[in-house]
Amino acid sequence: MLDLTLPSALAADITWRASRQTYLTIRWLVDRDRIPHAFCAYAYFRWVDDYLDQPTCSSANRLNFLHRQQEVITACEQGHLPPRLTPYENLLAVLIQSDPDPESGLRTYIHHMMSVMRFDAERRGQMVTEEELERYTHWLAVAVTEALHYFIGHHCPPSRHELRYRAATAAHIVHMLRDTYEDTALGYFNFPREIAEAAHILPQDIHSPPYRDWVRNRVERAREDFQSGRAYLAQVPNLRCRLAGYAYIGRFAGLLETIERENYALRPTYSECKHPFRGLSMLTSALWQTFLPSRTRATGLTTSKAG
């Protein structure tokens with residue numbers, strides 16, 4: 001077995017610098033025996049994503065890098081330890097070695113996140129279709145949701161309900177809207193190619209009426225998915241898992257009101273999302289939803305399925 005001490009310290013440091021909410025979620029809500037591995041899981045893909053986002057990274061370099069990462073995954077899953085692992089690749093090796101089950105939620109997380117990274121590497125600089133963007137969001141939603149249940153409350157997992165991935169789907173929709181300007185500058189166009197062609201606009205025409213109409217549709221879709229996602233979380237038996245899920249929703253759901261209030265005109269930054277009061281409000285809301293009476297939570301699930 002690989003020594004977890006150094007990888008865990010590196011992973012925790014990467015996580016703290018990248019996302020305080022993720023760090024605190026792992027530190028306080030993840031199952032105690034899986035905390036080091038949760039840090040490795042987040043930190044490894046944070047490193048991969050940052051590497052691919054480098055402005056000077058060529059297409060060939062991005063694809064070669066991902067090919068190397070896939071080789072590491074394959075070797076580790078077959079029980080081999082590749083030579084000359086970087087400290088970051090060692091995070092991945094530790095992670096895979098921690099659970100040999102090929103059908104585990106951890107493996108699902110790793111493979112779906114690699115699909116997300118590969119899609120980003122290949123699409124950079126070119127527009128993609130609505131169907132491709134939907135598939136991209138689905139991969140991310142599956143990865144996030146399976147990681148949530150693998151690391152938090154894994155001894156009492158919920159049923160595989162049809163609404164399982166809705167919350168993470170909505171969160172990714174909002175995430176892409178929030179980062180539109182930043183993504184566009186890097187060559188990641190989250191606006192579907194066929195809609196741009198039909199409206200005769202470019203992905204940079206973010207304030208054009210067709211683009212804002214599309215934003216409105218995405219906001220409406222996210223609202224519906226968040227509602228379904230909350231109903232799903234209500235029947236999750238583990239309190240820590242419910243709290244983490246509601247906090248994750250709260251991180252993104254509040255932005256929908258801002259976008260609506262500004263008539264679906266996206267802006268380069270949403271600095272208010274990082275305000276301490278916003279964080280406190282989000283936590284209060286998550287706690288309130290987590291400890292709702294069970295009858296209220298069950299009603300929410302029934303209503304959502306009927307709708």
Side-chain angles (χ1 to χ4, degrees), residues 17-22 45-59 62 113 116-137 139-141 144 168-223 225-226 248-279 282:
R17 287 186 282 111
S19 172
R20 300 294 169 85
Q21 179 173 334
T22 302
F45 282 106
R46 179 72 274 156
W47 170 68
V48 172
D49 192 46
D50 288 346
Y51 184 97
L52 296 174
D53 282 350
Q54 294 177 92
T56 58
C57 190
S58 68
S59 176
R62 292 195 300 273
M113 282 301 296
V116 168
M117 299 297 148
R118 191 176 301 109
F119 180 77
D120 271 339
E122 293 174 350
R123 77 176 175 126
R124 189 169 176 180
Q126 58 183 347
M127 297 196 71
V128 293
T129 66
E130 186 171 18
E131 181 180 355
E132 290 171 318
L133 287 169
E134 285 290 322
R135 190 160 58 245
Y136 170 60
T137 292
W139 288 330
L140 193 283
V144 168
T169 295
H172 192 235
I173 289 172
V174 179
H175 186 281
M176 288 194 292
L177 292 177
R178 184 197 67 189
D179 293 351
T180 292
Y181 277 88
E182 180 181 350
D183 287 348
T184 300
L186 289 171
Y188 300 120
F189 306 126
N190 301 326
F191 188 70
R193 184 176 67 209
E194 59 267 44
I195 297 179
E197 290 174 349
H200 304 291
I201 63 172
L202 297 173
Q204 293 84 357
D205 297 330
I206 297 170
H207 282 286
S208 65
Y211 203 116
R212 288 163 68 173
D213 286 342
W214 175 80
V215 171
R216 184 185 69 249
N217 290 333
R218 299 306 283 167
V219 168
E220 292 172 355
R221 162 76 183 279
R223 279 201 181 282
D225 282 345
F226 274 139
Y248 182 70
I249 288 176
R251 179 178 178 181
F252 296 98
L255 187 58
L256 294 179
E257 295 180 3
T258 299
I259 295 174
E260 286 178 328
R261 190 166 56 247
E262 297 176 357
N263 199 24
Y264 307 103
L266 301 177
R267 46 182 157 103
T269 60
Y270 292 90
S271 57
E272 66 270 30
C273 293
K274 299 180 181 180
H275 194 280
F277 178 77
R278 184 72 170 267
M282 178 194 70

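Side-chain atoms are counted along with the backbone in the values below, which use heavy atoms only and exclude waters and symmetry mates. One is the number of the first residue; the rest follow in order along the sequence.
- Between His207 and Tyr181, the ring planes are tilted. Angles from 30° to 60° get that label.
- Under the 4.5 Å side-chain criterion, counting only non-hydrogen atoms from C-beta, Glu132 is not in contact with Glu122.
- Inter-residue side-chain proximity for Gln204 and Phe189 is flagged as met; some heavy-atom pair is nearer than 4.5 Å.
- Of the charged side-chain nitrogens involved, none lies within less than 4.0 Å of a carboxylate oxygen, so that Arg124 and Asp120 do not count as a salt-bridged pair.
- In this structure, Glu262 does not pair ionically with Arg216, as no charged nitrogen and carboxylate oxygen lie closer than 4.0 Å.
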From CA spacing to verdict: side chain to side chain contact (heavy atoms under 4.5 Å, CB included), Asn217, Tyr264: CA-CA 10 Å; Asn217 290 333; Tyr264 307 103; over 6 Å; no
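- Between Glu260 and Glu220, every side-chain heavy-atom pair lies at or beyond the 4.5 Å cut-off.
- Between Arg212 and Ile206, the closest heavy-atom pair is CG-O, 4.0 Å.
- The two residues Tyr211 and Pro203 come nearest to each other via the heavy atoms CE1-O, 3.5 Å.
- Nearest heavy atom pair, residue Phe226 against residue Ala253, reads CE1-CA, 3.6 Å.
- With a 4.5 Å cut-off on side-chain heavy atoms, Leu133 and Pro192 count as touching.
- The aromatic rings of Tyr136 and His172 sit perpendicular to each other, their planes meeting at more than 60°, with 30° as the lower class boundary.
- Summarising the geometry of Leu52 relative to Tyr188, their closest heavy-atom pair is O-OH, 3.4 Å, with the distance given to 0.1 Å.
- Between Thr169 and Arg221, the closest side-chain pair of non-hydrogen atoms falls below 4.5 Å.
- Nearest heavy-atom pair across Tyr248 and Ala171 is CE2-CB, 3.5 Å.
- In plain terms, the two heavy atoms of Val116 and Leu140 that are nearest each other are CG2-N, 3.6 Å.
- The shortest side-chain heavy-atom distance between Thr258 and Arg267 falls under the 4.5 Å cut-off.
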